[in-house]
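To start, the structure itself, in structure tokens.
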There are 2 protein chains.
Amino acid sequence: MTQIKRVTECAPSDDIGNVVPLTVHSLKAACSQCNLQELCLPLGLSEAEIERLDSLVSTRRKLKRGNHLYRTGADFEAIYAIKTGFFKTDVLMEDGRDQVTGFQMAGEILGMDGISLETHTCNAVALEDSEVCVIPFAQLEQLSSEMRTLQHHFHKVMSREIVRDQSVMMLLGTMRAEERLAAFLLNLSQRFTTRGYSATEFHLRMTREEIGSYLGLKLETVSRAFSHFQENGLIAVQQKHIRILDLAGLRTLLTHTPLPTPQRSRGA
Amino acid sequence: MTQIKRVTECAPSDDIGNVVPLTVHSLKAACSQCNLQELCLPLGLSEAEIERLDSLVSTRRKLKRGNHLYRTGADFEAIYAIKTGFFKTDVLMEDGRDQVTGFQMAGEILGMDGISLETHTCNAVALEDSEVCVIPFAQLEQLSSEMRTLQHHFHKVMSREIVRDQSVMMLLGTMRAEERLAAFLLNLSQRFTTRGYSATEFHLRMTREEIGSYLGLKLETVSRAFSHFQENGLIAVQQKHIRILDLAGLRTLLTHTPLPTPQRSRGA
DNA sequence: TAACGCGTTTGATCTGTGTCAACGCTACAT
DNA sequence: ATGTAGCGTTGACACAGATCAAACGCGTTA
């Protein structure tokens with residue numbers, strides 16, 4: 001039991017329940033000591049307010065790569081702030097088809113899908129060993145009602161998710177394969193930058209298949225697009241290590257519509 | 001000025017501002033008299049609580065077909081509950097491509113995209129003459145903090161939007177053209193049912209192009225799919241009048257994956 | 001009543017991406 | 001070290017849906 005076989009999918013054993021004793025920690029000061037304050041729920045709160053948040057965020061949960069933070073159908077009790085690590089969320093159709101709906105990194109909030117039906121509607125899976133702060137939702141609402149800044153910021157976080165979903169729809173609905181991948185890379189780059197990492201060099205934690213699922217493409221198409229970008233000197237790919245050589249070039253891919261609608265006024 | 005030319009796109013004149021005097025009404029009892037209580041924001045509130053909501057919802061706004069409720073970039077000040085009518089929301093890319101991100105009907109809430117950046121990130125356009133209740137957001141937050149049931153229900157409404165977006169992503173990412181259209185029709189049917197209208201016979205308020213944009217397809221493909229459904233006796237189409245003849249058949253289209261992934265265990 | 005415009009339908013053809021298949025690379029396990 | 005499994009790459013081919021084009025129907029306007 002000390003050696004844990006790496007779980008790649010549908011980990012059967014110790015992450016079925018919502019809380020696994022071994023992976024839960026008590027902590028004294030959660031948010032007030034956290035370096036993700038500026039990205040996460042505490043954003044915009046005063047120090048005193050953040051200290052009140054601490055009382056909420058009393059447990060953390062550690063997940064090994066491949067483990068589920070929650071599964072579709074699980075009771076909704078808490079939302080989760082990612083402290084370290086990387087996640088994906090995906091939805092399942094009855095016929096077995098699935099779709100990755102997002103990739104989440106440090107400072108981002110998971111679990112808001114569960115509020116509406118009091119049941120989670122997607123799976124959240126750690127793509128690397130990760131740690132999340134557990135934020136019991138009832139308590140969050142309690143504190144929100146006492147602290148208007150927190151309430152407002154939480155609304156912004158939910159709204160941000162809605163706005164993010166809009167761009168994914170735009171991506172899936174209107175963009176060609178290489179545009180999608182360019183958008184994906186630029187989005188990652190931007191989010192890494194925000195977190196103080198390199199904008200141009202990073203490690204993908206997901207497979208080509210997961211990227212493809214997110215972008216509505218097959219893994220082969222993703223792979224070909226990577227190769228093509230490399231041929232064109234836009235990026236250097238080495239397995240999961242990506243180096244962006246021409247950020248502006250990638251952006252051009254997005255804004256310059258190669259072929260369509262030649263009859264627009266092109267204003268602004 | 002009494003005769004208003006039907007505005008089809010980018011109405012230039014009287015809907016630029018956020019509020020048009022002529023189309024705003026004061027009202028005494030908004031929610032407590034409204035027959036949409038069970039669908040809309042008041043859901044789950046007591047009568048007394050609903051009466052407190054009334055004070056919030058003091059203005060309505062009427063929109064002619066084609067007019068914008070709000071535009072991308074407009075200051076966010078309020079969310080809107082649809083009292084009567086039908087809307088679409090769409091997002092614009094810099095290069096002119098756009099994507100319909102949703103169709104909204106009575107009882108549904110518009111505008112939550114604006115919370116995160118205090119600016120709307122999509123356009124909301126009336127697809128028929130419509131009326132919305134204006135809910136000033138600052139006041140909604142104020143009242144939410146005093147009324148936990150309202151706060152909680154509002155969170156559910158936002159979360160529901162996130163869940164809806166997940167299914168749109170699934171649709172755009174994994175479904176074939178006819179599956180998308182079937183899903184679209186079934187979704188409409190379901191929502192009409194909820195509102196007491198026929199599940200099997202309704203009038204589409206949007207064009208084939210708008211349907212296509214929403215579904216990530218071209219209008220020709222939408223049209224062909226309609227024709228094909230009709231040939232198969234699933235629906236009867238007559239311009240924008242749709243009659244569903246075989247609801248179960250439409251559902252089968254969704255769950256029976258015709259060709260792909262023959263190597264799954266098919267469990268549950 | 002005729003003419004126009006817009007949305008829709010339908011056909012013919014083209015093409016981007018999916019599908020199928022083989023091979024290569026890397027990392028872990030024996 | 002060497003074998004093996006999973007992931008990634010690349011090629012050949014197929015096909016769903018896009019594109020281009022023409023005609024139709026319906027409502028509006030002259």
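- When heavy atoms are screened at a 4.0 angstrom cut-off, A:Ser223 is found touching base atoms of the nucleic acid.
- Other residues, nucleotides and ligands place no more than 12 heavy atoms under 6.0 Å from the OH atom of A:Tyr197.
- No side-chain N or O of A:Thr84 forms a donor-acceptor pair with one of A:Ser130 less than 3.5 Å apart.
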N/O-N/O pairs, protein side and nucleotides 20-23 of chain D side, under 3.5 Å:
unit_1: D:dC20; atom_1: N4; unit_2: B:Glu220; atom_2: OE2; d: 3.3

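- Backbone-only contact: A:Leu217 has heavy atoms under 4.0 Å from sugar-phosphate atoms and none from a base.
- A residue-by-residue look at A:Arg180 and A:Gln239 shows that A:Arg180 has its nearest nucleotide of DNA chain C further toward the 5' end.
- Checking B:Asn123, B:Thr89, B:Asp165 one by one against B:Thr101, the side chain to side chain donor-acceptor pair (under 3.5 Å) holds for a single residue, B:Thr89.
- Between atom CG of residue B:Leu247 and atom CG of residue B:Leu185 there is a gap of 9.5 Å, rounded to the nearest 0.5 Å.
- Aromatic rings from B:Phe103 and B:Tyr214 are positioned such that their centres are separated by under 6.0 Å.
- The phosphate of D:dC7 has neither OP1 nor OP2 within less than 4.0 Å of any side-chain N or O from A:Lys240.
- The residue B:Gly216 sits close only to the backbone: its heavy atoms come under 4.0 Å of sugar-phosphate atoms, none of a base.
- Between B:Met175 atom CE and C:dT17 atom C1' the separation is 19 Å, expressed in whole Å.
- Rounded to whole Å, the distance from NE2 on A:His228 to P on D:dT9 is 15 Å.
- No more than 12 heavy-atom neighbours from other residues, nucleotides or ligands sit within 6.0 angstrom of CD on B:Glu209.
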